[in-house]
Number of protein chains: 2
Amino acid sequence: METTAAAAEAGTRTSVCSSPPAGHRRPAGQDKYTISEVVAFTGLTAHTLRWYERIGLMPHIDRSHTGQRRYSNRDLDWLDLVGKLRLTGMPVADMVRYAEMVREGDHTYQERCELLEATRRDVRARIAELQDTLAVLDHKISFYGDAGRAPASERS
Amino acid sequence: METTAAAAEAGTRTSVCSSPPAGHRRPAGQDKYTISEVVAFTGLTAHTLRWYERIGLMPHIDRSHTGQRRYSNRDLDWLDLVGKLRLTGMPVADMVRYAEMVREGDHTYQERCELLEATRRDVRARIAELQDTLAVLDHKISFYGDAGRAPASERS
DNA sequence: CCCTTGCTTGGAGTGCGCTCCAAGGTTCTA
DNA sequence: TAGAACCTTGGAGCGCACTCCAAGCAAGGG
C-alpha cells in the first residue's frame with residue numbers, strides 16, 4: 001500500500017543507531033503516541049511539534065476521536081530525519097520543501113535525491129570547516145599551555 | 001612590549017593557513033586598513049564590523065585624525081579568530097566574554113584557556129554529530145538510488 | 001462535583017545576529 | 001573646485017526558529 005516514494009520516507013527503519021537526543025527509546029509494538037510522549041522521545045517541545053505541523057513540515061497526523069494528536073512510528077521516523085537535517089543547519093524552509101515533495105509523490109524522486117546530495121556536500125564542507133577550526137583551537141590551546149608554564153616566547 | 005596574554009591573542013601569526021572566507025590576502029608591510037579593506041579581507045560587512053565594536057567584541061580600533069577607523073594587522077588577526085569561533089557556532093555573547101578577558105589581562109589566562117577547551121569539546125561533539133548525520137544521508141541517498149533503478153524492495 | 005492534568009487553537013512575543021537607514025562629514029580623481 | 005565614492009553615528013528593523021499566551025475542551029481521581 002506504499003508508493004516507493006513513501007517507502008523511501010519511512011525512515012529506512014534499520015537506520016544508523018544513534019541514541020535519540022533526549023533519551024527514551026520507543027516501546028515496541030505501539031503505534032499511537034500522544035504529543036507528550038513524542039516530546040519525551042524527541043526532545044522537542046509540544047509547541048515546536050505543533051508549529052512543525054502548522055508550517056507544513058509534518059505529514060498529516062492522526063487524531064483521536066476528541067481531536068488530540070496521535071503520532072505513529074512513521075511520524076517519529078520522520079521526526080528523526082528532521083532532527084538530523086536540523087543538525088546539518090538546513091533551514092526549516094528547505095525541510096518544508098522536502099516534505100512537500102514527499103507529499104507530491106514519486107515524480108519528485110530525483111529532485112529529492114538531489115536535495116539530499118546537496119545537503120551531503122554541505123555537511124562535508126561543514127565538517128572540513130570545523131576540523132580547520134579545531135586545528136586553530138589546538139594550536140591556540142597549546143600556546144596557552146606553554147605560555148602558562150614558561151611565559152613569553154611568542155610566534156610559534 | 002606585549003604581555004604574554006596579549007601575545008596569546010596576537011593570533012599566533014603563523015597559524016594554520018586556511019584561505020580567508022572572501023579571498024583577498026593582506027598586502028605585506030602594511031598596518032593600517034580602512035573599513036572597506038577589512039570588508040574585502042574578512043567577508044564581513046562594514047555594518048557588522050561596526051556592530052562588533054559596539055558590542056565590545058573588538059579591542060579599541062585606531063582612528064585617523066578625522067575619526068575614521070584604521071584597522072591594524074593585529075585587529076585582522078583577531079577578526080580571523082572571531083571568524084573561526086563563529087564557525088563553531090559559539091554565541092557572540094561568549095566571544096564578547098572572551099574579548100573582555102583578553103582586555104582584563106594576564107590574570108584571566110586560565111579562564112580563557114578553559115573556555116577554549118570547552119569550545120574544542122563542543123566542536124568535536126559537533127563533528128561527531130555531523131558524521132552521524134552524514135551516515136544517515138549516505139544511507140538514504142543510496143536507498144533513493146537503488147529504488148530509482150529497481151523500484152520497491154523496502155527496509156534496507 | 002470539583003480539581004488537576006493534558007490537550008486544543010490562532011496569534012503575539014522573544015532572542016539572536018545581523019542589516020539597514022538618515023543625515024551628515026571626508027577623501028579621492030579630474 | 002566639483003562630484004563621486006566612502007566614512008561616521010544611534011537607533012530602528014528584519015528573518016529565523018522557536019516560545020509563549022489566553023481561553024477553552026476532555027478525561028480521570030477523590
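Hydrogens, waters and symmetry mates play no part in the numbers below; they use all other heavy atoms, side chains included. Every chain is numbered from 1 and lettered A, B, ... according to where its sequence line falls, protein lines coming before strand lines.
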Check: If each of B:H65 and A:E37 is mapped to the nucleotide of DNA chain C with the nearest heavy atom, which maps nearer the 5' terminus, i.e. the 5' end?
Finding: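 Closest to the 5' end, via its nearest nucleotide, is A:E37.
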Next item on the list: For B:R63, report the nucleic acid contact type (base, sugar-phosphate, nothing); a contact means any heavy atom under 4.0 Å.
Entry: sugar-phosphate
Next item on the list: For B:T34, answer base if it contacts any base atom (sugar-phosphate contacts may also be present), sugar-phosphate if it contacts only those atoms, and nothing otherwise; contact means non-hydrogen atoms under 4.0 Å.
Entry: sugar-phosphate
Measure the spacing between [atom1] of [X] and [atom2] of [Y] and express it to the nearest 0.5 Å.
X      : Y      : atom1 : atom2 : value
B:Q30  : B:N73  : CD    : CG    : 8.0 Å
A:L76  : A:F41  : CG    : CZ    : 6.5 Å
A:I141 : A:L134 : CD1   : CG    : 8.5 Å

[X] [atom1] to [N] [atom2]: how many Å, rounded?
X     : N      : atom1 : atom2 : result
B:K32 : D:dC7  : NZ    : P     : 16 Å
A:R70 : D:dA27 : CZ    : C1'   : 11 Å
B:E53 : D:dT9  : CD    : C1'   : 12 Å

Next item on the list: Kindly calculate the angle separating the two end axes of the helix from C:dC1-D:dG30 to C:dA30-D:dT1, each obtained from five base pairs, and round it to 10 degrees.
Entry: 10°
Any ion pair linking [Y] and [X] (charged N to carboxylate O, less than 4.0 Å)?
X      : Y      : answer
B:R63  : B:E53  : yes
B:E129 : B:R126 : yes
B:E100 : B:R112 : no
A:D62  : A:R69  : no

Can you tabulate the close N/O pairs, meaning under 3.5 Å, that link protein atoms to atoms of nucleotides 16-19 of chain D?
unit_1: D:dA17; atom_1: OP1; unit_2: A:V92; atom_2: N; d: 3.3
unit_1: D:dA17; atom_1: OP2; unit_2: A:V92; atom_2: N; d: 3.3
unit_1: D:dC18; atom_1: OP1; unit_2: A:R86; atom_2: NH1; d: 3.4
unit_1: D:dC18; atom_1: OP2; unit_2: A:Y52; atom_2: OH; d: 3.4

Next item on the list: Could you give me the CA-CA distance, side-chain angles and deciding distance for A:D122 and A:T119, then say whether side-chain hydrogen bond (donor to acceptor under 3.5 Å, both in side chains) is met?
Entry: CA-CA 5 Å; A:D122 290 350; A:T119 303; 5.5 Å; no
Note to self: Test your reading of the model: is there a side-chain donor-acceptor pair from B:D80 to the backbone of B:D77, 3.5 Å cut-off?
What the structure shows: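 No: the side chain of B:D80 does not pair with the backbone of B:D77.
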Margin query: Within the 4.5 Å heavy-atom criterion, are B:R70 and B:D31 side-chain neighbours or not?
Written below: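 SC-SC contact between B:R70 and B:D31 ruled out.
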Notebook entry, point to check: Relative to each other, are the rings of A:Y144 and B:Y109 parallel, tilted or perpendicular (30° and 60° limits)?
Noted result: perpendicular
Notebook entry, point to check: Between which nucleotides of DNA chain C, 5' to 3', does chain A make heavy-atom contacts below 4.0 Å?
Noted result: C:dC7 to C:dG11
Note to self: So, OP1 or OP2 of D:dC7: does either fall under 4.0 Å of a side-chain N or O from B:R69?
What the structure shows: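 No, B:R69 has no side-chain N/O under 4.0 Å of OP1/OP2 on D:dC7.
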